[in-house]
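As structure tokens, the structure follows; a few thoughts come after it.
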2 protein chains.
Amino acid sequence: MYSKELLKGTLKTIILKLLSESDQMYGYQITQKVKEITEGKINLTEGALYPALHKLEADGLLSTEKIEVGNRVRKYYRLTQSGNNTAQEKVEELKEFMETLKSIINISPQKLAWSI
Amino acid sequence: MYSKELLKGTLKTIILKLLSESDQMYGYQITQKVKEITEGKINLTEGALYPALHKLEADGLLSTEKIEVGNRVRKYYRLTQSGNNTAQEKVEELKEFMETLKSIINISPQKLAWSI
DNA sequence: TTGTATGCATAAGAATATTATGTATATTTG
DNA sequence: CAAATATACATAATATTCTTATGCATACAA
């Protein structure tokens, strides 16, 4: 597990990306999926996930559907039209941000000194 | 400029990385350096930077030295021994985190469906 | 029957940022 | 030369977004 603070700000983008690649998903499934893809390196906590889902829904990016499975109810989320657009934007923004971060993380002493 | 929330959690690592590649730097210089390296894409705000620097100093990762320049005082920061170790760790952790994030961001519908 | 897994949700608290403000000197520009 | 911008530090109020803890409930395995 990584220092949790790194995850800050990326959670919504992760949710939107997963939903953009699948028809619909429910909360618990998202946590398991992320755990699986990242080989256990990222574990979403419920206290972070559910408020984030609710916020995305409130913002009109997700719609929900409750489906009974046995005696339990699952709440499925799917992207709205607006959510689909936002998903693409957020993912693109995250990619660019990571490239920019790399430019700092991979800087050499020479390049840094160049203009100090 | 990126959505600010992405920067959350990466600020300390950025500071430690810059200091690990230079002898010493002062706060304002760090903001300018980051702006230059990222071509204006990341602008550190003072309200975030100074508290972060103070925290790193309080944690024993940075030491300070005040130097008069003209009639003004600059507060230079440099890594302590402990800060140097932490810098390496944090940078490594950030790199690994970015790799992990990529595995989510670049996932294809097929791979995702594989185990839904 | 007791723990683990599944499934949702919220509340208290911590961490970390934004925005605004304050103080002060130096330099550039109209 | 006055005013704006740049340099340089700092903190307070507020917002956001997590963690941790708690609660409820069903299903299944040891």
Side-chain angles (χ1 to χ4, degrees), chain A residues 1-16 24-36 40 42-59 61-62 64-77 90 94 97 101 115-116, chain B residues 1-16 24-36 40 42-59 61-62 64-77 90 94 97 101 115-116:
Chain A
M1 281 290 294
Y2 301 111
S3 155
K4 306 290 193 100
E5 60 190 8
L6 287 177
L7 200 63
K8 289 210 181 203
T10 63
L11 177 56
K12 284 181 191 167
T13 304
I14 289 173
I15 293 172
L16 292 172
Q24 56 177 10
M25 294 181 82
Y26 56 99
Y28 184 75
Q29 184 184 17
I30 292 175
T31 66
Q32 298 308 302
K33 200 69 214 170
V34 167
K35 191 187 292 182
E36 180 198 320
I42 295 180
N43 279 297
L44 304 186
T45 59
E46 296 164 298
L49 178 67
Y50 290 115
L53 285 170
H54 299 163
K55 180 68 162 55
L56 289 170
E57 187 185 4
D59 290 347
L61 304 182
L62 303 182
T64 61
E65 185 187 1
K66 286 185 180 174
I67 294 184
E68 272 192 61
V69 178
N71 277 342
R72 275 198 295 231
V73 175
R74 282 182 190 162
K75 195 168 168 186
Y76 276 93
Y77 292 86
K90 287 277 222 178
L94 181 53
F97 178 71
L101 257 193
S115 65
I116 281 181
Chain B
M1 279 291 294
Y2 300 111
S3 155
K4 306 289 193 98
E5 60 189 8
L6 288 177
L7 199 64
K8 288 206 184 207
T10 63
L11 177 56
K12 284 182 190 169
T13 304
I14 289 173
I15 293 172
L16 291 172
Q24 57 176 10
M25 294 181 81
Y26 57 99
Y28 184 75
Q29 184 184 20
I30 292 175
T31 66
Q32 298 308 301
K33 199 68 214 172
V34 168
K35 190 186 292 183
E36 180 198 321
I42 295 180
N43 280 296
L44 304 186
T45 58
E46 296 164 300
L49 178 68
Y50 289 115
L53 285 170
H54 299 162
K55 180 67 164 51
L56 290 169
E57 186 185 4
D59 290 347
L61 305 181
L62 303 182
T64 61
E65 185 187 0
K66 286 184 180 173
I67 294 183
E68 272 192 61
V69 177
N71 277 344
R72 276 199 296 230
V73 174
R74 282 183 190 162
K75 196 168 167 185
Y76 275 94
Y77 292 86
K90 287 278 222 178
L94 181 53
F97 179 71
L101 256 193
S115 65
I116 281 182

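None of these values were measured; they are calculated from a predicted model.
Side chain of Leu11(B), nearest nucleotide from dA17(C), dG7(C), dA9(C): dA17(C). Among the nucleotides dA10(D), dT17(D), dA9(C), the one closest to any side-chain atom of Glu46(A) is dA9(C). Nearest to the side chain of Lys12(A), among dT17(D), dA8(D), dA26(C), sits dT17(D). For Lys75(B), the listed nucleotide lying nearest its side chain is dC9(D); candidates were dC9(D), dA26(C), dT26(D).
Within 4.0 Å of Gly47(A), counting heavy atoms only, lies at least one base atom of the nucleic acid. If you check every strand for non-hydrogen atoms under 4.0 Å, Arg72(A) touches a base.
Between Tyr26(A) and dG7(C) there is a side-chain N or O to OP1 or OP2 distance below 4.0 Å.
The one candidate from Ile42(B), Asn43(B), Leu11(B) that meets the side chain to side chain contact (heavy atoms under 4.5 Å, CB included) condition with Val34(B) is Ile42(B).
The minimum heavy-atom distance linking Gly27(B) with Leu49(B) is given by the pair O-CD2, 3.3 Å. Shortest non-hydrogen contact noted between Gln24(B) and Gln29(B) is O-OE1, 4.1 Å.
Distance Met25(A) CE to dG7(C) P: 12 Å, rounded to the nearest Å. Protein atom CG of Asn43(A) is 15 Å distant from nucleotide atom C1' of dT20(D), rounded to whole Å. Per the geometry, CZ belonging to Arg74(B) stands 12 Å off P belonging to dA26(C), to the nearest Å. What separates CD1 of Ile30(A) from C1' of dC8(C) is a distance of 13 Å, to the nearest Å. Between the P atom of dG7(C) and the CD atom of Glu68(A) lies a distance of 14 Å, rounded to the nearest Å. If you measure from atom CD1 of Ile67(B) to atom C1' of dC9(D), you get 15 Å, rounded to the nearest angstrom. Going from atom CG of Leu44(A) over to atom C1' of dG7(C) covers 15 Å, rounded to whole Å. Taking atom NZ of residue Lys35(B) and atom P of nucleotide dA8(D), one finds them 13 Å apart after rounding to whole Å.
In this structure, Glu65(B) CD and Tyr26(B) OH are separated by 14.0 Å, a value rounded to the nearest 0.5 Å.
For Lys75(B), the side-chain contact (heavy atoms from CB on, under 4.5 Å) test picks out His54(B), Glu57(B), Thr64(B), Lys66(B), Tyr77(B), with sequence neighbours left out. Listed by chain and residue number, Tyr50(A) satisfy the side-chain contact (heavy atoms from CB on, under 4.5 Å) test with Glu46(A) (two or more places apart in sequence, or in another chain).
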### Task
Walk me through it: do Leu61(A) and Lys90(A) pass the test side-chain contact (heavy atoms from CB on, under 4.5 Å)?
CA-CA 12 Å; Leu61(A) 304 182; Lys90(A) 287 277 222 178; over 6 Å; no
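Within residues 50-59 of chain B, no residue has a heavy atom under 4.0 Å from DNA chain C.
Map Val69(B) and Leu49(B) each onto its nearest nucleotide of DNA chain C; the residue landing nearer the 5' end is Leu49(B). DNA chain D is contacted by both Ala48(A) and Asn71(A); Ala48(A) maps to the nucleotide lying nearer its 5′ end (nearest heavy atom per residue).
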